Structures are given as C-alpha cells and as structure tokens.
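One structure is given below, encoded as structure tokens.
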2 protein chains.
Amino acid sequence: MLKEPAEKPIERVLQALADGTRREMVERVSQGPVTVSELARPLAMTLAAALQHVQVLERSGLVNTEKQGRVRLVKIDPEGLSVLREWLDERRSLWEKRLDGLSAMLQEKPKR
Amino acid sequence: MLKEPAEKPIERVLQALADGTRREMVERVSQGPVTVSELARPLAMTLAAALQHVQVLERSGLVNTEKQGRVRLVKIDPEGLSVLREWLDERRSLWEKRLDGLSAMLQEKPKR
DNA sequence: GAAAGAGTCAAGTGAAAACTTAACTATTTT
DNA sequence: AAAATAGTTAAGTTTTCACTTGACTCTTTC
C-alpha cells in the first residue's frame, strides 16, 4: 500500500555513480573501510558535502555505514554493484541476441 | 599536448545512463535501429529534446547514428556498455580480492 | 516548385543536484 | 570539566541539466 515513488535500485545506482566525486569515494572504500573525514580530506570540499555524498551512496546500496563512537565507518556493499551488473547482463543478452541474427540479413530494406 | 577536459569514457557512459529517458531510448534502440522521431514519439517531449538525448548517448559511445536522407538512424553501439562492463569488472575484482583476505583476519583491532 | 516532414541550432527557463555556511549534538582528549 | 574532534542538520547559493521555443536547413511529396 505504499504510494511512494519506489524508485528502482538501478536508478539510484546509476545516479550515484554518475558523479565523479562519488566514484572516487567508491574507489577509496573498495580498498577498505574509511571514515567520512578520511573520504573528505583528499577532495576539495567540506565535511558536510562529503557526508551528503556518502548518504547518496548509502541510499543507492553501494556502501554501508555504521556509527562507531563519534566516527562513521563507510564500507563497500557488494549489493550495489551487483544491481548494476545484473542490469548490464540483461541489456547485453538482449541485443547480443539481436546482433547475432543480424549477420544473416545484412541487406537493409530502405524505408521511406 | 591536449589541454582539453578529456573526460573519461566511463564518465560519459554513467552520466548518459543516469537519466531514465535515455535508458528507455537505449532499451528501444537495443531492439533495432530507429529514427529520432520514433524515439521521441512515445516520450512526452519535443523532437529537439529527444535529439539532445540522442546526442548525449552518441557522445557516450552507447549508440551510433547515421543520417539517411532527412532521417537520422540511431543504432546500438556495443562499445558503450562494454566500457561500463570493464569498469565494473575492475572495481569488483578490486574489492573481491580484499574481501577474500578479510576472512582470514576477522579480528578487527579497535582503532581509537 | 511549393508544402510538408525530419532534423538542427541557439537561447532561454525551471528544477534538481552539488556545495557552502552556520548552528548544534555526541564523543574523545586533555 | 573544558576543549577538540567528527559528524549532523537546515537553509541558502551556485551549477548543471532537461526541456521548450522559435528560426532555419535539407529532403521528400504532391
């Protein structure tokens, strides 16, 4: 009974990864857990801005976070990228099938 | 000696796919070549807007286009999604490696 | 060859997204 | 307990992006 937008996971993942700063963060987090400050430091931006990016990443399922004392630890979440991989696999098989059949009938009939 | 932004391919691909309208277009183009008007018709938007999306898709390498008479044919370009797949595989192996080693030393030393 | 169809270009508008600032909370440190 | 650290929130600003409008070009039809 939810009337929410119910945005699809793939939507969130792609939007999250469309931003270069967030891709850098994913890169960094892939090496191991980091705090928000550690993520912010090398990026010319305030802590507040970095946190906003982390929140976007978390909503997308690309990372998990956990508050430990006054620090928030950010870890990679395999779920996020597997959503992307599944989407990718579906699309690929979709047109690879089509392209296979294509070589058989390379003569295009001109439409007008 | 190019001082250009030289935006990376993956940047363009992810930005292109971040938009739902463009994902629909990719979907449609995956079924076979279409004209810009055909892409525009089912989407509540002007031809000009649809064309702008097609241009973004083309710059990203997700589609190719070719002008035939007064019509522009849009086709899928496998290059685009393979860029995405490669990026994905790199990142995944990056942290899968890390996660493997992780099970060996599940005792985290508390940092404070 | 005039009209219609399909696309193209350049500006401009509006809304979403990225950032900043400033005030505030919850932990550690000293 | 005071000061410093790390994060959080809300509000406002700036930038980016999707989309429209209107003028124009190049085919194809009639």
Side-chain angles (χ1 to χ4, degrees), chain A residues 4-5 7-8 10-29 33-60 62-75 108-112, chain B residues 5 7-8 10-29 33-60 62-75 109-112:
Chain A
E4 297 306 290
E7 225 168 297
K8 282 189 232 127
I10 186 64
E11 172 92 23
R12 294 183 195 261
V13 169
L14 286 170
Q15 269 173 18
L17 291 176
D19 182 81
T21 298
R22 284 191 294 263
R23 280 200 307 282
E24 279 186 51
M25 286 182 164
V26 168
E27 215 86 0
R28 177 72 188 76
V29 173
V34 273
T35 67
V36 179
S37 308
E38 283 167 352
L39 282 175
R41 212 178 329 269
L43 307 167
M45 81 178 45
T46 63
L47 223 205
L51 176 63
Q52 285 167 20
H53 282 302
V54 168
Q55 288 168 341
V56 171
L57 287 171
E58 184 162 28
R59 281 182 221 119
S60 78
L62 285 163
V63 306
N64 284 322
T65 77
E66 185 189 348
K67 194 77 184 270
Q68 284 187 6
R70 65 181 164 179
V71 146
R72 179 171 294 276
L73 266 195
V74 186
K75 309 182 198 184
E108 294 234 345
K109 46 175 166 251
K111 56 194 72 172
R112 45 102 157 214
Chain B
E7 229 169 296
K8 281 189 232 124
I10 186 63
E11 170 92 24
R12 294 180 195 265
V13 170
L14 285 169
Q15 269 174 14
L17 291 176
D19 183 80
T21 299
R22 283 191 295 264
R23 282 200 304 281
E24 279 188 50
M25 286 182 164
V26 168
E27 216 84 359
R28 176 74 189 74
V29 173
V34 275
T35 66
V36 179
S37 309
E38 283 167 352
L39 282 175
R41 211 178 332 268
L43 308 167
M45 79 178 46
T46 61
L47 224 204
L51 176 63
Q52 285 167 20
H53 283 303
V54 168
Q55 288 168 341
V56 170
L57 288 172
E58 184 162 28
R59 282 181 220 118
S60 78
L62 285 163
V63 307
N64 284 322
T65 77
E66 184 189 350
K67 195 76 184 272
Q68 283 187 9
R70 64 180 166 181
V71 146
R72 178 171 294 275
L73 266 194
V74 185
K75 308 183 196 179
K109 46 176 166 249
K111 56 194 72 171
R112 47 110 151 214

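These numbers were taken from a predicted model, which means no experiment stands behind them. Each chain gets a letter, A, B and so on, in the order the sequences are listed, and its residues count up from 1.
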Problem set entry | Minimal non-hydrogen separation, B/Val74 against B/Val54, with atom names | CG2-CG1, 4.1 Å

Exercise. Atom CD of B/Gln55 to atom C1' of C/dC9: distance rounded to whole Å?
Worked result: 9 Å

Exercise. Is any side-chain N or O of A/His53 closer than 4.0 Å to OP1 or OP2 of C/dC19?
Worked result: yes

Exercise. Counting side-chain heavy atoms from C-beta on, which of D/dA18, D/dT27, D/dT20 comes nearest to B/Arg70?
Worked result: D/dT27

For this session: Mind calculating the distance between CZ (A/Arg41) and C1' (D/dA6) to the nearest angstrom?
Result: 11 Å

For this session: Among C/dC19, D/dC17, D/dA6, find the nucleotide with the atom closest to the side chain of A/Leu47.
Result: D/dA6

Seminar exercise, completed: Between CG of B/Leu73 and P of C/dT8 the distance, given in whole Å, is 11 Å

Problem set entry | Spacing between A/Met25 atom CE and C/dA18 atom P, to the nearest angstrom | 11 Å

Exercise. Within this structure, what is the CG-to-P distance between B/Leu39 and C/dA6, rounded to whole angstrom?
Worked result: 14 Å

Seminar exercise, completed: Whole-Å distance, A/Glu24 CD to C/dA18 P, equals 14 Å

Exercise. Is the shortest side-chain N/O distance from B/Thr46 to OP1 or OP2 of D/dC19 below 4.0 Å?
Worked result: no

Exercise. For the side chain of B/Arg72, counting heavy atoms from C-beta on, which of C/dA17, D/dA18, C/dT8 is nearest?
Worked result: C/dT8

Problem set entry | Distance in Å, B/His53 NE2 paired with B/Leu39 CG, rounded so as to fall on 0.5 Å steps | 10.5 Å

Exercise. Which sits closer to the 5' end of DNA chain C, A/Gly69 or A/Ala49, going by the nucleotide each is nearest to?
Worked result: A/Ala49

Exercise. When you measure from the side chain of B/Asp19, which nucleotide among C/dC19, D/dA18, D/dT9 comes out closest?
Worked result: D/dA18

Exercise. Thinking salt bridges, do B/Lys75 and B/Glu66 make one under a 4.0 Å N-O criterion?
Worked result: yes

Problem set entry | Nearest-nucleotide comparison on DNA chain C, the residue closer to the 5′ end among A/Val71 and B/Ala48 | B/Ala48

Problem set entry | Closest approach of A/Leu57 to A/Ala16 (non-hydrogen atoms, all atoms of both residues) | CD2-CB, 4.2 Å

Exercise. Considering only D/dT8, D/dC19, C/dC19, which nucleotide approaches the side chain of B/Met45 most closely?
Worked result: D/dC19

Exercise. Between A/Arg23 (CZ) and C/dA18 (C1'), how many Å, whole number?
Worked result: 15 Å

Problem set entry | Rounded interatomic separation in angstrom, taking CD from A/Gln52 and C1' from D/dT14 | 13 Å

For this session: Hey, which sits more toward the 5' end of DNA chain D by its nearest nucleotide, A/Lys67 or B/Thr21?
Result: A/Lys67

Problem set entry | Distance, nearest 0.5 Å, that separates OG1 of B/Thr65 from CD of B/Gln55 | 8.5 Å

Exercise. With a 4.0 Å cut-off on heavy atoms, is B/Arg22 in touch with a base, just the backbone sugar-phosphate, or nothing at all?
Worked result: sugar-phosphate

